[in-house]
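Step one of this worksheet: look at the structure below.
So that the names make sense, note that chain A is the first sequence line, chain B the second, and so on, each numbered from 1. Values reported hereafter were calculated over all heavy atoms of this structure, with side chains retained and with hydrogens, waters and symmetry mates removed.
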Number of protein chains: 2
Amino acid sequence: MNIRDIAKKTGVSVATVSRFLDPQKKDLVRAETREKIDRIIRKYHYSPNRTAQALSRQINNTIGMVTPLSPDVVKSPYFEGLIAGIIEGIGPLAYDLKWIMIRNEDREYCNLHEILREHSVDGLIFLTWRLSTNLVDEVQHRTDVPAVLINDYSPSVRCSIVYCENRSGVKKICSHLTSKGYKRIGMLKGPEYISLDARERFSAFKSSGKKMGFRVRDPFLYECPRFEEEAGYQTMKLWVDKGNLPDAIFCANDGLAIGAIRALNESKIKVPKDIAIVGYDDSPRNETTNPPLTSVRQPLEAMGKAAVETLVKLVSKEAKGAIRLKFEPELIVRESA
Amino acid sequence: MNIRDIAKKTGVSVATVSRFLDPQKKDLVRAETREKIDRIIRKYHYSPNRTAQALSRQINNTIGMVTPLSPDVVKSPYFEGLIAGIIEGIGPLAYDLKWIMIRNEDREYCNLHEILREHSVDGLIFLTWRLSTNLVDEVQHRTDVPAVLINDYSPSVRCSIVYCENRSGVKKICSHLTSKGYKRIGMLKGPEYISLDARERFSAFKSSGKKMGFRVRDPFLYECPRFEEEAGYQTMKLWVDKGNLPDAIFCANDGLAIGAIRALNESKIKVPKDIAIVGYDDSPRNETTNPPLTSVRQPLEAMGKAAVETLVKLVSKEAKGAIRLKFEPELIVRESA
DNA sequence: ATTATTTTTGTAACCGGTTACATTTTCGGG
DNA sequence: CCCGAAAATGTAACCGGTTACAAAAATAAT
């Protein structure tokens with residue numbers, strides 16, 4: 001049952017039916033005719049074929065959410081928050097959401113126009129963490145494709161972006177720690193190659209150290225192989241064995257922090273009495289760790305929502321050029337520091 | 001740049017280019033011609049328009065994942081697990097994934113064919129928890145639309161379904177508890193109207209009681225208003241105040257259990273020494289609760305993956321009729337019971 | 001060289017909508 | 001009752017692919 005069938009059965013032309021279907025043009029059709037068409041459409045349960053509409057209008061009314069292809073994605077509180085925001089943002093809109101997963105192996109596959117055409121979407125939101133840097137590089141430099149990057153900010157980025165400054169979050173942590181009197185502050189780093197975040201958090205830590213007068217020296221610095229609890233645990237174990245611990249540790253994310261706390265607990269080192277621990281990202285679990293973990297929260301939901309809204313503005317050409325939205329992280333003080 | 005442009009520039013017809021583009025038919029084209037086309041396509045970065053292909057082939061190569069519209073979805077370990085499985089399942093396939101969110105208010109909007117057409121998808125996976133029952137009802141009785149339901153099993157369901165038996169999980173819990181010597185076993189129920197799960201878990205609990213010889217009586221039965229930690233906490237508080245506690249409690253899901261434990265801890269009632277607590281669903285948090293929570297795990301990832309694979313079989317007509325896959329839940333014994 | 005086969009290519013209709021433009025209807029005013 | 005403007009409708013091309021069928025080219029057989 002297509003639009004021509006409906007037209008024939010109603011005794012009008014396809015143009016009239018098409019106009020009837022378009023809320024914008026509905027009142028170009030005489031009331032009487034509207035009723036006739038309406039009756040037939042109901043009778044045959046007709047609904048227009050979205051694919052045909054998309055082809056004809058050259059608009060898919062669909063946006064793509066690009067993530068790395070990994071089941072972990074939905075299990076990470078970081079993505080969770082962003083995705084929740086995206087869902088919330090897209091809910092009231094007449095857009096569909098397509099989830100485009102990219103495996104890191106597909107590095108060459110990095111033409112943005114191609115992605116748009118091959119997935120039938122009008123715009124893209126990139127949740128890039130751990131994602132092939134080639135692609136992200138291209139996104140960062142393109143301004144002619146409706147795309148919004150989340151959190152891969154650097155001054156050279158030229159595309160639209162929604163981000164939350166790492167520097168200011170790290171600064172908040174460091175001044176919190178120094179104001180509490182901690183002098184020997186260490187850091188459990190993540191692997192730098194993985195993301196800008198990792199690099200920024202470390203670099204901000206170093207510069208905070210300079211400003212606030214604590215030294216960022218070798219034995220107070222450990223790099224974990226991955227951003228995960230187990231890695232934090234193992235690395236902290238190592239650190240404890242070597243001895244020479246600082247009196248506060250900033251962990252590059254909550255997973256590392258939770259792992260570290262577990263290692264410390266096992267070695268009967270009390271948190272925060274003996275060592276203060278701070279995480280980053282504020283996962284929901286932090287409320288129930290022992291002790292509850294002080295951390296920095298990015299307003300992930302708000303960011304996800306903003307990303308959708310921004311993208312839709314670009315797609316609908318309500319706005320043009322690159323839009324940049326900066327969000328502020330918030331220090332959540334609990335008991336671990 | 002469309003297929004006609006490419007054809008013209010190469011000096012061949014659109015049919016030839018189209019054949020070249022289709023891996024199935026590529027070798028119908030002479031090698032020499034292939035090279036020419038290939039050169040032009042590369043030169044102009046042509047890639048076919050997926051929307052047009054979809055219209056013409058009458059296949060979108062896209063499946064829809066239907067969930068309630070709520071940011072909580074991604075934050076629930078239940079959905080998380082399923083979605084992780086769906087991602088994993090769809091990864092190696094040439095299908096796209098569209099996330100279709102349905103708000104409960106849209107109850108009338110429940111024609112399956114309509115959903116397929118209006119979202120340009122070939123099949124649907126329903127993650128139905130808390131979803132408008134009208135729609136689910138329709139799915140359950142339709143067998144002519146490629147759709148897979150997850151976990152809304154009842155004997156009257158006629159569509160394809162992937163599910164994990166509640167009854168057998170509850171039975172495992174109850175026999176674990178009785179074998180540990182608990183005699184007075186209570187239950188913290190969820191609200192029954194919300195889902196079949198809620199009803200089934202309760203009914204299985206009752207029948208286990210009958211078989212294993214513990215009484216399911218009034219003061220050992222409390223219903224929480226929602227399936228959430230806070231509700232479990234509040235209700236347990238109430239229960240403690242009233243006194244007359246059982247020596248083991250089966251909580252209808254982990255959230256309730258965790259809330260209950262918190263309430264008990266506050267009242268200096270020791271788990272499991274004074275009261276044993278068991279949850280259901282085995283969220284990741286259970287490992288780090290205090291004490292770690294005994295629970296029942298559904299193989300959510302496997303189920304999500306199976307749902308995708310089943311759906312794709314239906315869509316591609318590799319299989320027809322309704323497919324039912326039953327998974328077994330697993331009792332995860334930790335320290336709380 | 002001619003004919004029969006097999007390969008390769010081309011033409012044109014089709015998928016199901018939208019829309020510019022032309023045409024017909026309707027209706028008020030003279 | 002006729003004219004002209006406004007309102008309503010219709011025609012046909014177009015979006016960018018696929019594919020049945022026809023035609024042409026290449027190859028094999030005689």
Side-chain angles (χ1 to χ4, degrees), chain A residues 1-38 40-41 44-62 94 96 113-114 116-122, chain B residues 1-38 40-41 44-62 94 96 113-114 116-122:
Chain A
M1 190 62 44
N2 63 30
I3 200 173
R4 282 166 236 263
D5 296 325
I6 297 296
K8 197 170 297 167
K9 291 199 193 291
T10 317
V12 298
S13 73
V14 289
T16 305
V17 179
S18 179
R19 282 189 277 260
F20 172 87
L21 257 16
D22 183 344
Q24 310 271 337
K25 300 187 184 153
K26 199 160 192 156
D27 34 352
L28 291 183
V29 179
R30 191 154 45 124
E32 204 181 318
T33 315
R34 279 204 296 255
E35 269 187 28
K36 278 196 290 182
I37 299 177
D38 194 49
I40 299 292
I41 285 183
Y44 293 97
H45 292 110
Y46 167 78
S47 69
N49 178 318
R50 180 100 175 270
T51 306
Q53 284 184 323
L55 176 60
S56 168
R57 295 183 178 152
Q58 298 284 78
I59 275 273
N60 290 291
N61 274 288
T62 300
D96 272 3
H113 279 295
E114 238 169 79
L116 290 180
R117 303 189 73 180
E118 293 189 357
H119 295 281
S120 292
V121 294
D122 307 315
Chain B
M1 190 62 43
N2 63 30
I3 199 174
R4 282 165 237 266
D5 296 326
I6 297 297
K8 196 170 299 168
K9 291 199 195 293
T10 316
V12 299
S13 74
V14 287
T16 305
V17 179
S18 179
R19 282 189 279 259
F20 171 87
L21 257 16
D22 182 344
Q24 310 272 337
K25 300 187 184 153
K26 198 158 193 158
D27 34 351
L28 291 183
V29 179
R30 190 154 46 129
E32 202 181 316
T33 316
R34 279 205 295 257
E35 268 187 28
K36 276 195 291 181
I37 299 177
D38 194 49
I40 299 291
I41 286 183
Y44 293 96
H45 292 109
Y46 168 78
S47 70
N49 179 319
R50 180 100 176 269
T51 306
Q53 284 183 323
L55 176 60
S56 168
R57 295 184 179 154
Q58 298 286 76
I59 272 273
N60 291 291
N61 274 287
T62 300
D96 271 2
H113 279 296
E114 238 170 79
L116 290 180
R117 304 189 72 180
E118 294 190 355
H119 295 281
S120 292
V121 295
D122 307 315

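Over its length, the helix from dA1(C)-dT30(D) to dG30(C)-dC1(D) turns its helix axis by 50°, as judged from the five terminal pairs at each end, rounded to 10°.
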- request: List the steps and the verdict of side-chain contact (heavy atoms from CB on, under 4.5 Å) for Val17(A) and Ile40(A).
  value: CA-CA 11 Å; Val17(A) 179; Ile40(A) 299 292; over 6 Å; no
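For the side-chain hydrogen bond (donor to acceptor under 3.5 Å, both in side chains) condition, the pairs that include at least one residue of residues 46-56 of chain A, sequence neighbours left out, are Arg50(A)-Asp96(A), Thr51(A)-Asn60(B), Thr51(A)-Ser120(B).
You'll find the side chain of Phe20(B) stays beyond 4.5 Å of the side chain of Val12(B), heavy atoms only. Here the side chains of Arg34(A) and Asp27(A) are in contact, with some heavy-atom distance below 4.5 Å. Side chains of His113(B) and Met1(A) form no contact here, defined as non-hydrogen atoms less than 4.5 Å apart.
The salt bridge (Lys or Arg N to Asp or Glu O under 4.0 Å) test applied to Arg30(B) returns Glu32(B), not counting sequence neighbours. Under the rule for a salt bridge (Lys or Arg N to Asp or Glu O under 4.0 Å), Asp5(B) has no partner lying at least two apart in sequence or in another chain. Lys25(B) meets the side-chain contact (heavy atoms from CB on, under 4.5 Å) test with Arg19(B), Asp22(B), Leu28(B); sequence neighbours excluded.
Distance, Asp27(B) CG to dT9(C) P: 12 Å, rounded to whole Å.
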- line: Contact string for nucleotides 9-22 of chain D, one letter per nucleotide 5' to 3', B = base within protein heavy-atom range under 4.0 Å, S = sugar-phosphate only, - = neither, reads BBBB--BBBSB---
